[in-house]
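Some notes on the structure that comes next.
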Amino acid sequence: MNQFNRPTLRKAEFIKPPNILKAKVGGGGLAEDILNKAEKLLEENTVDFVPLGEMYLDALGRGLQEARENMNDPGDHENIISGMLYPGMQLKGNGGMFHYALVTTIANTLVQFLEVIERVDAEAIEIAQGCHTTLRAVIQGRIKGDGGQRGKELHQALLDACDRYFSKHPQNKVLEQIPD
């Protein structure tokens, strides 16, 4: 179950690439001073997240457009949902690394929503579009951190929209529940 207390129909797939450096160096872990330096580097990261964030927002926008164009097609809704799920996962994962915690929070809500809906409909697309619009505002506004009270209100509005969706659509026609 996720934050919406709904069965998960799909899981966002984490692909773990081969660790070439580890293969060359071998196992055994890293010395504490190296870990401290790496942590400090992440904390002091000054790389501009906006171009990367915009790239994933554009991909999410394309996924939304595909969903709008094909939501009434009885075809493969998994591909339609994946077109939104992948960029959502990227935004979720990268937001925190670049100190955009609100991006991570909102993208997490989008991902969890997409994991439990069976198919896209106009209302689901509207929720995903709301997440996209909010994420774009946060990224273009360079709002780092959690966004304070306004960030909490924006996130809560998206959660409320999801709750209304699930109240209106209480039955997820679950074909098969994917284990956590």
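Everything numeric here is computed off the predicted structure, so don't read it as measured data.
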Compare every heavy atom of [Y] with every heavy atom of [X], then report the nearest pair and how far apart it is.
| X | Y | result |
| --- | --- | --- |
| A128 | M84 | CB-SD, 4.0 Å |
| V120 | I81 | CG1-CG1, 3.8 Å |
| Y100 | I143 | CD2-O, 3.4 Å |
| E118 | E78 | O-OE2, 4.5 Å |
| G88 | A107 | O-CB, 3.5 Å |

Matching residue for L114 among I117, V116, V111 - test: side chain to side chain contact (heavy atoms under 4.5 Å, CB included)
I117

Heavy-atom donor-acceptor pair, N108 side chain to T104 backbone, under 3.5 Å:
no

Plane angle bin for F113 and Y165 - parallel if under 30°, tilted between 30 and 60°, otherwise perpendicular:
perpendicular

Is any side-chain heavy atom of [X] closer than 4.5 Å to a side-chain heavy atom of [Y]?
| X | Y | answer |
| --- | --- | --- |
| Q140 | E54 | yes |
| D48 | R142 | yes |
| L91 | N94 | no |
| D121 | H169 | yes |

Taking atom [atom1] of [X] and atom [atom2] of [Y], what is their separation to the nearest 0.5 Å?
| X | Y | atom1 | atom2 | result |
| --- | --- | --- | --- | --- |
| L52 | I139 | CG | CD1 | 8.5 Å |
| L110 | E115 | CG | CD | 10.0 Å |
| L85 | Q90 | CG | CD | 10.5 Å |
| E123 | R164 | CD | CZ | 10.5 Å |

For [X], give me all partners under side chain to side chain donor-acceptor pair (under 3.5 Å), at least two apart in sequence or on another chain.
| X | value |
| --- | --- |
| N70 | none |
| D163 | none |
| D73 | none |

I would like to know whether L135 and L57 meet side-chain contact (heavy atoms from CB on, under 4.5 Å); could you show each step before the answer?
CA-CA 8 Å; L135 287 164; L57 284 172; 3.7 Å; yes

Sort and list the pairs that fulfil ring-ring contact (aromatic ring centres under 6.0 Å, His included) and have at least one residue in residues 53-86, not counting sequence neighbours.
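Those involving residues 53-86 do not exist here.
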
Identify each donor-acceptor pair in which a side-chain atom of residues 59-66 lies under 3.5 Å from a protein atom, sequence neighbours left out, and give them as a table.
unit_1: Q65; atom_1: OE1; unit_2: R68; atom_2: NH1; d: 3.4
unit_1: Q65; atom_1: NE2; unit_2: E69; atom_2: OE2; d: 2.9

Using only heavy-atom distances, determine whether the side chains of T133 and Q129 contain a donor-acceptor pair under 3.5 Å.
yes

Please tabulate, for the side chains in residues 154-162, all donor-acceptor contacts under 3.5 angstrom to protein atoms that are two or more places apart in sequence or on a different chain.
unit_1: H155; atom_1: NE2; unit_2: T109; atom_2: OG1; d: 2.6
unit_1: Q156; atom_1: NE2; unit_2: D160; atom_2: OD1; d: 2.8

